[in-house]
Amino acid sequence: MPELPEVEVIRRALVARVVGYEIVEARVSEPRLTRRRGRPADLARAVVGRRVEALRRRGKFLVFVLGEESLIVRLGMTGQLLWWDTRERFQPDGHTHAYLGFAQGGMLSYRDVRKFGEMFLLPTQALDATLRVGVEPLESAFTVAALRSICRESRARIKSLLLNQRKIAGIGNIYADEALFRAGVRPMRRATSLRPEEIGLLWRGIRAVLRSGIRHRGSSISDYRDPAGQPGNFGALHRVYHRHGTPCRICGTVIKRTVLGQRGTHYCPSCQR
DNA sequence: ATATGCACCTGTGTGC
DNA sequence: TGCACACAGGTGCATA
């Protein structure tokens, strides 16, 4: 579900609520959440008494900096972080697998129907080395030249490359399809086959769709909600994603759907070459 | 290195 | 109505 724009919307909504506050209570009730490292009870015990110093995002990871260690949350397909102003208002359901209680009385709960998400602690110093994610596409290090060199050294199809978190961090299935549409490039093209002008258009497309996704508070196809429980509005602005069988907004050609790398892939056969 | 298939989960929509 | 099947914003592993 959540790609870079959705995670960033969540981060911005939570910053003022959690940064500077101590975690006074924690519970993790689903063992799958900590499957990669540690046990639920140990994680809960480790965060109580810590103050949130900063809330960051790295690709699709949300990072609660707690001092020497950081709590990392990855939302998988259906993970949600929901904010409750008081303990009395907190309403967990059968899909709520964890929660944190803060010193000012607010609660943050983790809800995840499919349980693909995870949370774990890492030393704050070693985040980048351990998470092993590539360049942040909205930061200054992501230049046209950087994208050009990423494309030059990969024989993969361009969409698969965009989805590879170790190359560029945070792009998922929606924003990959939308960025390629804006660039006029077919998803199945080899990365090495992109001409310089196409790489420039793709760079602009990636940045434009991610920024627009954030501005419109994310894409809510079915599950995504912000911490207040509100859906995003970017879905109505999609030009190809989930629009197969309907006319292209630019040229009227029927949008196609195919499968590439096991993922549904949407494109305009006329606008994208 | 790249692609494919499958696994992990639960829910929803579709067609017969 | 029931049932089987496809599909879903993600990722990791085993295998060609």
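Throughout, protein chains are lettered first and strands after them, A, B, ... in sequence-line order, and every chain is numbered starting at 1.
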Point to revise | Nearest-nucleotide comparison on DNA chain B, the residue closer to the 5′ end among A/Phe116 and A/Ser154 | key: A/Ser154
Check your understanding: Given the P atoms of B/dA7 and C/dC5, what is the spacing between them in whole Å?
Key -> 15 Å
Exercise for review: Starting from the 5' end of DNA chain B, give me the residue, A/His95 or A/Arg32, whose nearest nucleotide shows up first.
Suggested key: A/Arg32
Study note, to complete from the structure: Between CG of A/Leu260 and P of B/dA3 the distance, given in whole Å, is 8 Å
Study note, to complete from the structure: Whole-Å distance, A/Lys115 NZ to B/dC9 P, equals 7 Å
Check your understanding: Is a side-chain donor or acceptor of A/Gln165 paired with a backbone partner of A/Gly59 at a separation under 3.5 angstrom?
Key -> no
**Study point:** A/Arg111 and its side chain to side chain donor-acceptor pair (under 3.5 Å) partner, picked from A/Thr96, A/Asp223, A/Asp93
**Key:** A/Asp93
Check your understanding: On a whole-Å scale, what distance lies between the C1' atoms belonging to C/dC3 and B/dC8?
Key -> 24 Å
Exercise for review: Measure from CG on A/Asp112 to P on C/dT11 and round the result to the nearest Å.
Suggested key: 13 Å
Study note, to complete from the structure: Using Watson-Crick geometry (N1-N3 plus N6-O4 or O6-N4) or G-U wobble (N1-O2, O6-N3), each under 3.5 Å, B/dC16 is paired with C/dG2
**Study point:** Backbone of A/Val24 reached by a side-chain donor or acceptor of A/Glu22 within 3.5 Å
**Key:** no
Check your understanding: Which is true for A/Asp223 with a 4.0 Å heavy-atom rule: it touches a base, it touches only sugar-phosphate, or it touches nothing?
Key -> base
Check your understanding: With both distances kept under 3.5 Å, what pairs with C/dA14, Watson-Crick or G-U wobble?
Key -> B/dT4
**Study point:** Distance-only donor-acceptor test, A/Arg157 side-chain atoms vs B/dA3 base atoms, 3.5 Å
**Key:** no
Point to revise | side-chain N/O A/Arg114 vs B/dG11 OP1/OP2, d < 4.0 Å | key: no
Point to revise | Spacing of the P atoms in C/dC7 and B/dT4 (rounded, Å) | key: 16 Å
Revision key, fill the gap. Quick note, A/Tyr241 side chain, CB onward, closest among C/dG10, B/dT2, C/dA8 is C/dA8
Practice item. Have a look at A/Arg263 and say if it touches a base, only the backbone sugar-phosphate, or nothing, with a 4.0 Å heavy-atom cut-off. Key: base
Review point. Under 4.0 angstrom, heavy atoms only, what part of the nucleic acid is A/Glu6 near: base, sugar-phosphate, or nothing?
Key: nothing
Exercise for review: Give a yes or no on whether the backbone of A/His238 and the side-chain of A/Arg249 come within a donor-acceptor separation of less than 3.5 Å.
Suggested key: yes
Check your understanding: Tell me: CG of A/Leu62 to P of C/dG10, nearest whole Å?
Key -> 16 Å
Review point. Would one find a side-chain N or O of A/His242 under 4.0 angstrom from OP1 or OP2 of C/dC7?
Key: no
Check your understanding: Can you tell me how far C1' of C/dC13 sits from CG of A/Asn164, to the nearest Å?
Key -> 15 Å
**Study point:** Sub-4.5 Å side-chain heavy-atom contact between A/Leu162 and A/Tyr175
**Key:** no
Check your understanding: How many Å lie between OH on A/Tyr175 and P on C/dA8, as a whole number?
Key -> 17 Å
Exercise for review: Using a 4.0 Å heavy-atom cut-off across all strands, classify A/His238 as base, sugar-phosphate, or nothing.
Suggested key: nothing
Check your understanding: Are A/Arg37 and A/Phe120 in a cation-pi setup, meaning NZ or CZ lies under 6.0 angstrom from the ring centre and within 45 degrees of the ring axis?
Key -> yes
Review point. Hey, are the side chains of A/Phe234 and A/Val9 touching, using non-hydrogen atoms and a 4.5 Å cut-off?
Key: no
Check your understanding: Below 4.0 angstrom from OP1 or OP2 of B/dA7, is there any side-chain N or O of A/Arg35?
Key -> no
Review point. Checking all strands, does A/Gln262 fall into the base, sugar-phosphate, or nothing category for heavy-atom contacts under 4.0 angstrom?
Key: base
Point to revise | Atom-pair distance (CZ on A/Arg36; P on B/dA7), nearest Å | key: 19 Å
Exercise for review: Tell me what A/Arg257 touches on the nucleic acid: a base, only sugar-phosphate, or nothing, going by heavy atoms under 4.0 Å.
Suggested key: sugar-phosphate
Exercise for review: Mind checking A/Arg166 for me? I need base, sugar-phosphate or nothing, with any heavy atom below 4.0 Å counting as a touch.
Suggested key: nothing
Practice item. Provide, to the nearest angstrom, the distance between the CE atom belonging to A/Met119 and the P atom belonging to C/dG10. Key: 18 Å
